Every structure is written in C-alpha cells, then in structure tokens.
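These notes concern the structure reproduced below.
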Amino acid sequence: QVQLVESGGGLVQAGGSLRLSCVASGRTVSTYAMGWFRQAPGKEREFVAAIRWSGAGQYYSDSVKGRFTISRDNAKNTVYLQMASLKPQDTAVYYCAAREMGSVSKIESNYGYWGQGTQVIVSS
C-alpha cells in the first residue's frame, strides 16, 4: 500500500506562488507516475498535472500550463507542484495521486492511490 500526504496549501493573493509537496510512504513510488488533481467548490475533480516515473515527461492541463510546474525527487519519494501567477480560479483542494504504471494519465480512475488533499485559496 502507498500512503500519500500533501502539504503546502494555504491562503495566497492573486499573482502569488505556492509550492505543494506530496510525500509517499509504505512503498517506493520511483516507478510510479504521479499526478495532481484539484476540486473546486461545487465542481468535479479535474486533472492538473502529471509526471512520468523518471521525471522526463510532464503534462499539464491547459488552464495551468505555463504557470505550474510538476517535479519529483525519487530519492525522497516526493512530488512537488510549484504554482505561480495564481488566480482566484485556482482555488481548490489539491490532491496528489499515484499510478503504478510509469506512464502518465489525465484520467482519475487510472490512479490507484490518493492523498487527503490540501486546500489552496487564492484571494483577489
């Protein structure tokens, strides 16, 4: 089993930055693809970004491309989401997810492990 714990959320003004972290335990995730999803109030959870097991490929939703950067440190069993130029519409609970296959996916059901989420609030 893999346990995922997110941190780094908080309240930030529009235009600001935050870095989210997701630490995995229970098993090494160095061969897993990792993803970030988010769920805004009253909306369905949506894909944000994903990274291959090697870190060589990163994929982003159109809404965050150019502003967010996903990265990973396999030695630390950790994945990061650096968020810049934040907008009020980025307000959501952000979830980290792990996929046993090393290739990335934008589909929630392809991820077998999920964290509890961390809240990000962007004020205007």
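Note that the structure is a prediction, hence the values are computed from the model and not measured.
For the atom pair CZ of F37 and CH2 of W114, the computed distance is 4.5 Å after rounding to the nearest 0.5 Å. Between atom OG1 of residue T69 and atom OH of residue Y80 there is a gap of 14.0 Å, rounded to the nearest 0.5 Å. We find the NZ-OG distance between K87 and S124 to be 14.0 Å, quoted to the nearest 0.5 Å. With rounding to the nearest 0.5 angstrom, the SG atom of C22 is 5.5 Å from the CD atom of E6. One finds the OG atom of S21 at 13.5 Å from the CZ atom of R72 (value rounded to the nearest 0.5 Å). Here W53 contributes atom CH2 and S103 contributes atom OG; the two are 12.0 Å apart, rounded to the nearest 0.5 Å.
Side-chain contact between T91 and Q119 is present, with at least one heavy-atom pair separated by less than 4.5 Å. A heavy-atom distance below 4.5 Å is not found between the side chains of E46 and S61. Counting heavy atoms from C-beta on, the side chains of S63 and R38 come closer than 4.5 Å.
Between S85 and R67 the shortest heavy-atom distance is O-NH1, 3.0 Å. Residues S17 and Q82 share a closest heavy-atom pair of CB-NE2, 4.1 Å. Taking both residues in full, the closest heavy atoms of A50 and Y111 are given as CB-OH, 3.5 Å, listed atom of the first, atom of the second, then distance. G117 and V93 get closest at one heavy-atom pair: CA-CG1, 3.8 Å.
Without hydrogens or angle criteria, N77 side chain to R27 main chain gives a donor-acceptor distance under 3.5 Å. Between the T78 side chain and the K76 main chain, a donor and an acceptor come within less than 3.5 Å of each other. Side-chain atoms of Y59 do not come within 3.5 Å of backbone N or O of G35 as any donor-acceptor pair.
A salt bridge links K65 with D62: the closest approach of a Lys/Arg side-chain nitrogen to an acidic carboxylate oxygen falls below 4.0 angstrom.
Residue L18 belongs to a hydrophobic cluster whose other members are V2, L4, V12, L20, V29, Y32, M34, W36, V48, I51, Y60, V64, F68, I70, V79, L81, M83, L86, Y94, Y113, V120, V122, with links defined by side-chain heavy atoms closer than 4.5 Å. Through direct or indirect side-chain contacts shorter than 4.5 Å among Ile, Leu, Val, Met, Phe, Trp and Tyr, V23 is connected to no other residue.
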Could you check N110 against M101 for side-chain contact (heavy atoms from CB on, under 4.5 Å), going step by step and ending with a plain yes or no?
CA-CA 9 Å; N110 285 341; M101 292 186 66; over 6 Å; no
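Crowding of Q116 atom CD: a count of heavy atoms from other residues, nucleotides or ligands under 6.0 Å not exceeding 12.
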